[in-house]
Amino acid sequence: MKQRVSALLREKFGREVVLEKPKDRSFGHFATPIAFSLSKELRKSPMIIADELASSFDDSEVFSAVEAVKGYLNFRLSENFLSEYATWALDNPAEFGKQEKKEKILLEFVSANPTGPLHIGHARGAVYGDTLLRLARHLGYDITAEYYVNDAGNQIDLLGLSIQLEGRATVLGEDVEYPESYYRGEYLTGLVLGAVEKFGIDILNNQSRQKELALWAKDKVMEIIVKDLGDLNIFFDTFVYESSLYDDWDRVLAKMGNGVYEKDGKMWIASETHGDEKDRVVVREDNRPTYLAGDIVYHNQKFERGYEHHVNIWGADHHGYIPRVKAAVEFLDYDSNKLEVLLSQMVSLLKDGEPYKMSKRAGNVILMSDIVEEIGSDALRFIFASKKSDTALEFDLAEFKKQDSSNPIFYIQYAHARINTILNKSDFSREEILNSSLKGLNENADSLLFDALLLPEIIEDAFSSRQVQKLPDYLKALAASLHKFYYDFRIIGSEDEAKLLKLFMVVALSLKTGLSLMGIKAKDHMSKEEE
RNA sequence: GCGCUCUUAGCUCAGCUGGAUAGAGCAAUGCCCUUCUAAGGCAUAGGCCUCAGGUUCGAAUCCUGAAGGGCGCACCA
């Protein structure tokens with residue numbers, strides 16, 4: 001819709017025109033301050049220019065009115081245009097808001113270590129990434145969701161040790177000393193039992209079998225992670241294992257050429273010359289590659305796989321890591337602008353007013369699965385998608401356990417359910433409703449129709465700006481418009497019943513499409529859960 | 001100390017690439033169910049957009065500086 005208007009204006013003025021949504025609908029559907037920018041070149045006052053421009057739009061099919069107000073140029077879309085567009089959308093619901101962007105994108109997100117279940121911080125990145133993924137798919141991008149599994153390095157050894165310690169304490173009843181970085185949590189108990197069953201009880205005390213144990217356990221942990229993500233409607237296309245990459249190290253090392261050098265018996269990457277604070281070690285004195293080496297091979301592989309754009313979602317605590325990876329990408333002779341790193345900030349939970357500080361290694365992490373169980377996948381997804389991902393978020397758990405209007409997901413679902421109910425109550429058939437016209441509606445209905453048809457713009461904007469919260473914001477506003485309209489006008493029995501029902505169907509389509517892009521299924525009925 | 005980032009209503013946050021009177025949701029107060037589910041609607045109140053400069057027709061938005069918060073500054077991942 002906006003594209004259409006924008007294209008039309010571009011053609012008319014021979015330049016890109018800024019289109020904005022007026023604060024007040026009485027100004028029209030779209031507006032542009034173009035007269036202000038033209039006033040300098042034309043040496044005329046913005047008001048006069050706007051007046052002249054407005055009068056040049058007489059014969060348009062798309063607009064019913066073009067007015068100049070205080071230098072702004074306000075456009076009102078014609079009934080015809082809106083009605084045709086809405087009818088098309090209802091006839092092609094799966095196509096509503098779709099585009100064909102085609103670009104091939106690799107989206108890597110979550111990528112939590114396979115050493116324990118996901119916690120609430122991971123959930124945020126997961127929801128953010130999956131929402132972007134759904135938006136991108138809707139826009140026609142060829143996008144792949146990938147999980148990078150860090151199954152090499154110290155943390156894996158630590159996992160083996162942790163299981164042994166846990167087993168010695170709980171199964172063998174020994175008095176064990178816990179190192180500080182030892183993993184804790186209920187999941188270990190399950191792993192211990194599984195390990196004993198598979199390997200026999202001896203494995204708990206045999207130091208030489210720690211690695212074997214760990215390699216088995218990380219797969220089990222991945223199963224837990226994948227299941228937890230599935231409960232949130234999040235699914236990955238591909239998994240890349242860090243451990244599988246190091247075979248390729250020599251080749252990648254050679255590929256970086258002068259980007260890597262030897263000093264003090266170690267290999268360094270000259271990342272300082274490419275914007276990093278200093279050079280970094282990639283291979284230690286004892287020949288063991290560092291974590292960065294794995295990431296370099298990984299990114300090389302990503303680029304070799306032929307994507308046009310790469311998006312990584314990382315925890316904000318890794319932001320200092322970005323320059324060195326970008327440096328590596330440049331040494332590998334790829335365009336580091338094609339690597340986009342988005343940050344997902346900390347989440348802090350409040351519980352009964354007490355700040356609940358999370359630490360990944362500590363025993364008292366808040367598990368994602370616990371929260372999903374408490375407030376449900378829909379609410380969790382909604383909350384995390386509603387906030388800009390790169391700012392710290394604080395929320396009180398108790399507040400989102402409520403099943404009332406303070407929980408916006410219920411508000412939106414209720415709007416959708418209301419429409420469904422009223423459609424069922426009406427004597428008109430779906431065919432009769434779809435065949436009716438959307439013209440001659442009152443101003444409020446017209447405005448609601450326009451709001452509902454705005455979804456495609458929101459989808460595009462939310463994805464291209466990577467600000468997924470624009471979608472839930474829009475859905476909240478649309479639901480509010482619906483609720484208000486519902487309160488103000490009686491539909492059943494009105495003269496315009498069929499028309500208004502058609503209007504409601506457009507609203508429902510927007511709500512349903514929008515929700516599904518957030519991984520949430522729209523509800524047709526609300527059932528109140530008793531406490 | 002250095003780098004990144006944030007600071008908008010009592011609370012949690014929106015405010016797009018500068019543009020028309022600063023916006024929601026909670027919380028507060030008052031109203032609306034013989035009316036398609038009140039899980040709803042309406043209204044009131046609440047703001048020196050952290051501070052100081054600058055850029056210009058115009059700044060919450062861009063630039064510089066200050067103060068305060070967060071994160072990072074590994075041969076750990």
Side-chain angles (χ1 to χ4, degrees), chain A residues 16 18 20-24 27 31-33 36-37 39-40 45-46 69-72 74 111-113 115 150 152-156 158 181 242 264 266-268 276-278 280-286 288-295 315-323 343 345-346 348 350 360-361 383 386-388 390-396 399 402-408 410-411 413-415 417-419 421-426 461-462 464-465 467 469-470 472-473 476-477 479-480 482-494 497 501 504 525-529:
Chain A
E16 208 54 50
V18 179
E20 47 194 44
K21 210 179 146 191
K23 297 228 162 79
D24 189 334
F27 287 125
T32 176
F36 291 95
S37 35
S39 78
K40 220 177 243 171
S45 103
V69 181
K70 285 159 79 180
Y72 285 86
N74 296 333
S111 297
N113 289 344
T115 52
N150 296 126
N154 292 341
Q155 84 277 11
I156 291 298
L158 199 54
S181 51
E242 183 189 355
D264 304 334
K266 305 163 214 174
M267 299 293 292
W268 300 71
D276 198 5
E277 286 168 26
K278 53 182 171 185
R280 311 286 172 175
V281 173
V282 287
V283 181
R284 303 175 179 93
E285 261 172 299
D286 60 6
R288 279 162 50 238
T290 61
Y291 176 77
L292 179 59
D295 237 351
D317 53 344
H318 287 65
H319 74 254
Y321 196 75
I322 298 172
L343 298 177
Q345 264 287 4
M346 296 264 305
S348 20
L350 293 174
K360 198 193 231 171
R361 297 276 156 93
I383 293 159
S386 296
K387 308 294 176 198
K388 249 194 319 202
D390 60 353
T391 57
L393 165 69
E394 188 178 80
F395 74 91
D396 197 312
E399 199 171 317
K402 289 191 258 173
Q403 302 212 336
D404 59 28
S405 61
S406 68
N407 194 339
F410 284 90
Y411 185 78
Q413 291 284 23
Y414 184 39
R418 270 186 152 171
I419 294 172
T421 307
I422 202 168
L423 280 168
N424 289 337
K425 276 222 160 102
S426 168
D461 187 26
S464 63
S465 66
Q467 311 259 300
Q469 80 278 1
K470 289 180 178 185
D473 283 353
K476 258 187 281 184
L482 185 278
H483 285 306
K484 180 163 169 50
F485 191 87
Y486 180 94
Y487 183 85
D488 288 342
F489 300 95
R490 197 180 162 82
I491 315 295
I492 304 275
S494 100
E497 182 171 331
L501 287 172
F504 271 30
H525 305 281
M526 302 300 280
S527 53
K528 192 154 190 163
E529 285 177 30

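In what follows, chains are A, B, ... by sequence order, proteins preceding strands, each numbered from 1.
- Nucleotides B/G68 and B/C26 have their P atoms positioned 36 Å apart, rounded to a whole Å.
- Remark: B/G72 base-pairs with B/C2. Criterion, Watson-Crick or G-U wobble with two distances under 3.5 Å.
- Between the CD1 atom of A/I419 and the P atom of B/U37 there is a distance of 13 Å, given to the nearest Å.
- In this structure, B/C49 makes no Watson-Crick or G-U wobble pair, since no nucleotide meets both defining distances under 3.5 angstrom.
- When the side-chain nitrogen and oxygen atoms of A/R418 are compared with OP1 and OP2 of B/A38, one or more of them lie within a distance under 4.0 Å.
- Side-chain nitrogen and oxygen atoms of A/Y411 include none within less than 4.0 Å of the OP1 or OP2 phosphate oxygen of B/A24.
- Put simply, the side chain of A/F504 does not reach to within 4.5 Å of the side chain of A/R418, judged on heavy atoms.
- Pair check for B/A38 finds none; no Watson-Crick or G-U wobble contact set falls under 3.5 Å.
- Aromatic ring pairs are classed by plane angle as parallel below 30°, tilted from 30° to 60° and perpendicular above 60°; the pair A/F489 and A/F485 is tilted.
- Atom CD in A/E277 sits roughly 5 Å away from atom C1' in B/G3 (whole-Å rounding).
- Among the protein residues, A/H319 comes within range of the nucleic acid bases, having at least one heavy atom under 4.0 Å from a base atom.
- For the pair A/K388 NZ and B/U8 C1', the interatomic distance rounds to 11 Å; values are reported in whole Å.
- Within the structure, a side-chain polar atom (N or O) of A/Y414 is placed less than 4.0 Å from OP1 or OP2 of B/A38.
- A distance of about 12 Å separates the P atoms of B/C16 and B/A60, rounded to the whole Å.
- When the P atom is used for both B/A59 and B/G53, the distance is 14 Å, rounded to whole Å.
- Checking A/H525 against A/P289, the closest nucleotide of RNA chain B that is more toward the 5' end is the one next to A/H525.
- Taking a pair to require two hydrogen-bonding distances under 3.5 Å in either a Watson-Crick or a G-U wobble arrangement, B/A28 pairs with B/U44.
- Nucleotide B/U17 holds its C1' atom 12 Å from the CD atom of A/Q467, rounded to whole Å.
- OP1 or OP2 of B/C42 sits under 4.0 Å from a side-chain N or O of A/K484.
- Heavy atoms only, all atoms of each residue included: A/Q469 and A/S386 are closest at CB-O, 3.1 Å.
- Between the NE2 atom of A/H483 and the P atom of B/A24 there is a distance of 16 Å, rounded to whole Å.
- Atoms NZ (A/K387) and C1' (B/A14) sit 8 Å apart, rounded to a whole Å.
- Under 4.0 angstrom from either OP1 or OP2 of B/C2 there lies no side-chain N or O belonging to A/K278.
- Distance CD1 (A/I422) to P (B/U35): 15 Å, rounded to an integer number of Å.
- Annotation: side chain of A/T115 is not in contact with side chain of A/L158 (no heavy-atom distance under 4.5 Å).
- Phosphate contact (OP1/OP2 of B/G15, side-chain N/O of A/Q469, threshold under 4.0 Å): present.
- Rounded to a whole Å, the CG atom of A/D473 is 13 Å from the P atom of B/C13.
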